[in-house]
Q: 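Sharing a structure with you now.
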Amino acid sequence: MAASDWRLEGEWIKNCNCAFGCPCDFNAPPTHGSCKGLVGMRITKGHFEGTKLDGLVFAATVDFPGALHEGNGKMQPIIDERATPEQRQALFNIMSGKNSAEGTLFQIFSLIVTTIHDPLFVPFEFSFDKNRRVARLVAKGVLETEVEPIKNPVTGTPHRIQVVMPDGFEHRSAEIASANIHSTGAIKFDTKGTHSSLANVVQTPQGVAA
């Protein structure tokens, strides 16, 4: 069990190049055989030891040649430029997985990512409405993603579906939506009408807090 005291509570976005309904959530291979995507979070309340992280935004783009559990992934951390040196180090300490218990989100990432590109520190725009399945994350000059509801292919009306994972290590429940992604950092890719998960999460060294 990790000894560090930290907690991240906030709004979570996971967008990728797969079809709606992230195959990873079902222990299935990526839709197209490989995975390019991103995660992003606006921390409404958080800390690492004595360093507060309230209000900061961070994201990471990822690239996996196959299923995530097969590893060999690449990642680029993108951090809110407003973060102080202490806050930047606190976020790196959390994202490293070294301060998390086995089987938790960041610890798993530390095992499946083998290449970490230099972090970027940029201004963020972030909007999030989980119930309406609408969100937008912009890391200036590096990453843009917009989320909207999945549309009924006949009527065009918004479609609603949720994924619930009682023992999930990322979240316990998420609204599923449609994402457009434009990534121009070290991990470059574009998608239109691909998978999005929106969730309110609480992550701790022991995993997702109920």
Side-chain angles (χ1 to χ4, degrees), residues 11-41 58-78 95 103-117 128-130 132-139 142-201 208:
E11 298 158 332
W12 180 262
I13 297 174
K14 178 180 70 177
N15 297 347
C16 68
N17 65 331
C18 284
F20 304 142
C22 177
C24 294
D25 290 344
F26 299 86
N27 290 334
T31 302
H32 307 290
S34 60
C35 176
K36 288 189 176 183
L38 66 98
V39 295
M41 185 178 191
F58 71 90
T61 52
V62 297
D63 182 3
F64 289 89
L68 268 65
H69 68 269
E70 296 174 347
N72 295 318
K74 301 175 182 179
M75 179 177 74
Q76 182 165 44
I78 309 170
M95 295 172 73
T104 56
L105 177 66
F106 295 108
Q107 191 269 342
I108 290 172
F109 259 81
S110 74
L111 298 178
I112 61 177
V113 171
T114 53
T115 300
I116 300 178
H117 295 286
F128 183 95
D129 189 329
K130 176 185 169 185
R132 292 180 57 232
R133 285 94 70 210
V134 173
R136 183 170 185 264
L137 182 155
V138 177
V142 182
L143 174 66
E144 297 182 22
T145 187
E146 295 184 347
V147 177
E148 64 179 7
I150 299 168
K151 302 293 179 58
N152 182 297
V154 177
T155 67
T157 57
H159 176 64
R160 189 175 189 184
I161 190 166
Q162 298 176 330
V163 167
V164 177
M165 295 186 286
D167 300 316
F169 60 79
E170 179 187 1
H171 55 69
R172 297 295 168 84
S173 67
E175 294 281 350
I176 306 306
S178 173
N180 299 331
I181 309 169
H182 179 54
S183 176
T184 59
I187 298 174
K188 297 176 173 60
F189 64 102
D190 287 273
T191 76
K192 188 173 179 62
T194 57
H195 173 78
S196 176
S197 295
L198 302 179
N200 295 109
V201 301
V208 177

Q: Minimum heavy-atom separation for Pro149 to Ser178, with atom names?
A: O-CB, 4.2 Å

Q: Is there a donor-acceptor contact under 3.5 Å linking the side chains of Asn152 and His159?
A: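 There is no such pair (donor and acceptor under 3.5 Å, judged by atom type) between the side chains of Asn152 and His159.
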
Q: Once rounded to the nearest 0.5 Å, what's the spacing between atom CZ of Phe109 and atom CG of Leu68?
A: 6.0 Å

Q: How far apart are the C-alpha atoms of Glu146 and Glu144, what are their side-chain angles, what is the distance that settles it, and do they pass the side chain to side chain contact (heavy atoms under 4.5 Å, CB included) test?
A: CA-CA 7 Å; Glu146 295 184 347; Glu144 297 182 22; 5.9 Å; no

Q: What orientation do Phe106 and Phe58 show, parallel under 30°, tilted 30 to 60°, or perpendicular over 60°?
A: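 Plane angle between 30° and 60°, so tilted.
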
Q: How many angstroms lie between OG1 in Thr157 and CD1 in Ile150, if you round to the nearest 0.5 Å?
A: 12.0 Å

Q: Taking atom types as modelled, find out whether Asn15 and Ser196 have a side-chain donor-acceptor pair closer than 3.5 angstrom.
A: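 Judged by distance alone, the side chains do pair up.
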
Q: Does the side chain of Val39 reach to within under 4.5 Å of the side chain of Ile13, using non-hydrogen atoms?
A: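 Not in contact.
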
Q: Could you tell me if the side chain of Pro65 sits less than 4.5 Å from the side chain of Ser34, heavy atoms only?
A: no

Q: Say you draw a straight line from CG of Asp63 to NZ of Lys188; how long is it, rounded to the nearest 0.5 Å?
A: 11.5 Å

Q: Nearest 0.5 Å, please: how far is CG in Asp190 from CG in Asn17?
A: 11.5 Å

Q: Does a side-chain heavy-atom distance below 4.5 Å link Ile176 with Ser197?
A: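 Result yes, sub-4.5 Å side-chain heavy-atom pair found.
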
Q: Given Asn72, which of Ile112, Thr114, Val113 fulfils the side-chain contact (heavy atoms from CB on, under 4.5 Å) condition?
A: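 Answer after filtering Ile112, Thr114, Val113: Thr114.
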
Q: What is the minimum heavy-atom distance between Ala199 and Phe128, and which atoms define it?
A: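 Nearest heavy atoms, Ala199 then Phe128: O-CZ, 3.6 Å.
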
Q: How close do Gly156 and Lys151 get, counting heavy atoms only, and between which atoms?
A: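 Smallest heavy-atom distance, with atoms named: O-CD, 3.3 Å.
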
Q: Show, in sequence, the C-alpha distance, side-chain angles and deciding distance for Phe64 and Glu70, and conclude whether the side chain to side chain contact (heavy atoms under 4.5 Å, CB included) test is met.
A: CA-CA 9 Å; Phe64 289 89; Glu70 296 174 347; over 6 Å; no

Q: Just so I know, are the side chains of Phe169 and Leu105 near enough to count as touching, which here means a heavy-atom distance under 4.5 Å?
A: yes

Q: Can you name the nearest heavy-atom pair linking Ile108 to Gly103, along with the distance?
A: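 Answer, listing the atom of Ile108 first, then Gly103: CD1-O, 3.5 Å.
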
Q: Which is it for Gln162 and Ser173 under the side chain to side chain contact (heavy atoms under 4.5 Å, CB included) test, yes or no, and what are the steps along the way?
A: CA-CA 7 Å; Gln162 298 176 330; Ser173 67; 5.9 Å; no

Q: Measure the CG-CG distance between Leu137 and Leu38 for me, rounded to the nearest 0.5 Å.
A: 7.0 Å

Q: Quick one, Thr145 and Asn180 - any side-chain contact, counting heavy atoms below 4.5 Å?
A: no

Q: Any side-chain heavy atom of His171 within less than 4.5 Å of one from Met165?
A: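 His171 vs Met165: side chains touch.
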
Q: For Ala19 versus His195, what's the shortest heavy-atom pair and its separation?
A: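 Here Ala19 and His195 meet closest at O-CB, 3.4 Å.
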
Q: Does a side-chain N-to-carboxylate-O contact under 4.0 Å join Glu175 and Lys130?
A: no

Q: For Ile116, is the CD1 atom crowded, meaning more than 12 foreign heavy atoms sit under 6.0 Å from it?
A: no

Q: Give me the atom names and distance for the closest heavy-atom approach of His117 to Ala186.
A: CG-CB, 3.5 Å

Q: Start with the C-alpha gap between Thr31 and Phe20, add the side-chain angles, then the distance that decides, and say whether side chain to side chain contact (heavy atoms under 4.5 Å, CB included) holds.
A: CA-CA 9 Å; Thr31 302; Phe20 304 142; over 6 Å; no

Q: What I'd like to find out is whether the side chain of Met41 reaches to under 4.5 Å of the side chain of Val201, using heavy atoms alone.
A: yes

Q: Enter the distance from Gln76:CD to Ser183:OG here, rounded to the nearest 0.5 Å.
A: 7.5 Å

Q: Are Cys16 and Thr194 packed together at the side-chain level, in the sense that at least one heavy-atom pair is separated by less than 4.5 angstrom?
A: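 Result no, sub-4.5 Å side-chain heavy-atom pair not found.
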
Q: So which of Thr115, Val62, Thr61 actually passes side-chain contact (heavy atoms from CB on, under 4.5 Å) with Lys74?
A: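 Of Thr115, Val62, Thr61, side-chain contact (heavy atoms from CB on, under 4.5 Å) with Lys74 is met by Thr115 alone.
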
Q: Output yes when Lys14 and Asp25 qualify as a salt bridge under the 4.0 Å nitrogen-oxygen rule, no when they do not.
A: yes

